[in-house]
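FYI, side chains are in, hydrogens and waters are out, and symmetry mates aren't considered; it's all heavy atoms of this structure. Residues take their numbers from the sequence shown, with the count starting at 1.
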Amino acid sequence: MLSIFNILRFVIFFTVMAWSLIVLGLSAFFDHLIISSDMTRYVPFAIFLAVCTLVIIPTLLITGSLKRGGLMSQVRTELVFAGLLGLMWLILGLSTASAEDSIITCDFDGSGDFVESDEYSTDMYHEQLRVLRAFSIFNALLLLGFFLFLLFLTIRQHLMGRKFVWTSRATTYPWFGGVPDVPAKEWNVSQESLGLPEPVTSKKGVTIHNLPKGTTLAGDSPMNAGGHYIIYIPPPA
């Protein structure tokens with residue numbers, strides 16, 4: 001059964017991929033139709049970012065579902081990619097503002113005279129540009145929101161003494177309760193914080209008594225010559 005975290009993670013990643021496909025299609029259309037200029041500097045960046053997102057997000061989903069996902073399934077990896085992609089989508093959404101005042105003109109006969117076209121007008125371009133900007137901002141909000149949410153959960157577990165959380169798998173870690181399935185040696189928790197007594201191997205309060213030759217203990221056989229030693233640990237005061 002999927003946990004709440006895994007359901008939320010899948011919905012966010014799937015939505016980001018869907019909107020990235022739309023941005024990729026619009027950007028490729030702009031790159032094919034419009035001559036490059038200062039007003040279209042965002043187009044190559046939009047294509048690059050959409051392709052990166054459509055490669056990284058499915059990789060995170062696939063490795064997260066595998067039994068051994070390796071580095072790509074760790075919490076720190078998802079934090080890096082979610083934060084970086086979210087920041088880049090935000091930059092893309094803001095960079096499209098420079099194209100708000102652009103006017104679309106066409107050279108129909110190749111004479112170098114550009115005039116406005118009824119087939120693809122300036123209004124149509126601005127509508128498509130607003131769609132691209134909106135999906136870019138939506139992707140940024142989703143990814144940065146997921147980044148902050150996962151970072152909050154990770155820091156909370158870190159403060160609880162579970163410093164191994166950074167290298168744990170994001171999809172199998174018990175974020176909302178339960179004990180992580182990790183080796184005991186990885187727990188960086190003191191005996192006092194767990195409320196456990198000190199181990200019996202501690203030297204504090206231990207006295208060693210030298211028993212005379214021939215001394216017997218209740219329920220034991222006589223000791224051999226040469227003296228024997230017994231460790232006595234007094235009860236706590």
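Rounded to the nearest 0.5 angstrom, Ile12 CD1 and Leu141 CG are separated by 11.0 Å. Once rounded to the nearest 0.5 Å, the distance linking CZ of Arg76 with OG1 of Thr167 reads 6.0 Å. How far CZ of Phe13 is from CG of Leu143: 7.0 Å, rounded to the nearest 0.5 Å. Put simply, OG1 on Thr63 and CZ on Arg169 are 8.0 Å apart, with the number rounded to the nearest 0.5 Å. Taking CE of Met72 as the start and CD of Gln74 as the end, the distance is 10.5 Å to the nearest 0.5 Å. Taking CH2 from Trp89 and CZ from Phe135, the interatomic distance works out to 10.5 Å, rounded to the nearest 0.5 Å.
Atom CZ of Phe45 has more than 12 heavy atoms from other residues, nucleotides or ligands within 6.0 Å. Within a 6.0 Å sphere centred on CD1 of Ile4, heavy atoms belonging to other residues, nucleotides or ligands number 12 at most.
Between the Ser20 side chain and the Leu54 main chain, no donor and acceptor come within less than 3.5 Å of each other. Under the 3.5 Å distance criterion, the side-chain polar atoms of Trp175 are matched with a main-chain donor or acceptor of Ala170. Of the possible polar contacts, one joining the Thr15 side chain to the Val11 backbone as a donor-acceptor pair under 3.5 Å is found.
At a threshold of 4.5 Å between non-hydrogen side-chain atoms, the residues Ile22 and Trp19 count as touching. In this structure the side chain of Ser95 never reaches within 4.5 angstrom of the side chain of Arg41, judged on heavy atoms. Leu61 places a side-chain heavy atom less than 4.5 Å from the side chain of Arg9. With a 4.5 Å cut-off on side-chain heavy atoms, Leu85 and Ile57 count as touching. You'll find the side chain of Leu153 reaches within 4.5 Å of the side chain of Phe176, heavy atoms only. Residues Val16 and Phe146 have side chains not in contact (no heavy-atom distance under 4.5 Å, counting atoms from C-beta outward). For the pair Phe81 and Thr59, the minimum side-chain heavy-atom distance is 4.5 Å or more. Looking at Leu129 and Tyr42, their side chains come closer than 4.5 Å, going by heavy atoms from C-beta outward.
Looking at residues two or more places apart in sequence or on another chain, you find a side chain to side chain donor-acceptor pair (under 3.5 Å) between Arg133 and Thr96, Glu100. Shown here are the side chain to side chain contact (heavy atoms under 4.5 Å, CB included) partners of Leu151, two or more places apart in sequence or in another chain: Leu79, Phe147, Ile155, Trp166.
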### Task
Give the C-alpha distance, both sets of side-chain angles, the deciding distance and a yes or no for side chain to side chain contact (heavy atoms under 4.5 Å, CB included) between Thr171 and Ser73.
CA-CA 8 Å; Thr171 54; Ser73 66; 5.8 Å; no
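With ring centers used as reference points, Tyr173 lies 6.0 Å or more from Phe5.
The cluster map of Ile, Leu, Val, Met, Phe, Trp and Tyr, joined by side-chain heavy atoms under 4.5 Å apart, puts Val23 and Ile137 in different clusters. Hydrophobic clustering (side-chain heavy atoms under 4.5 Å, transitive across Ile, Leu, Val, Met, Phe, Trp, Tyr) groups Leu148 together with Leu142. Two different hydrophobic clusters hold Leu49 and Val80 under the rule that ILVMFWY side chains link at heavy-atom gaps under 4.5 Å. A single hydrophobic cluster is not seen to contain both Leu144 and Val75; linkage of ILVMFWY side chains at heavy-atom distances under 4.5 Å, directly or through other members, places them apart. Neither Leu87 nor Leu94 shares a network with the other; the hydrophobic side chains, linked directly or stepwise wherever heavy atoms of I, L, V, M, F, W or Y lie under 4.5 Å apart, form separate groups for each.
What you find for Gln157 and Val165 is that their closest heavy atoms are CB-CG2, 3.9 Å.
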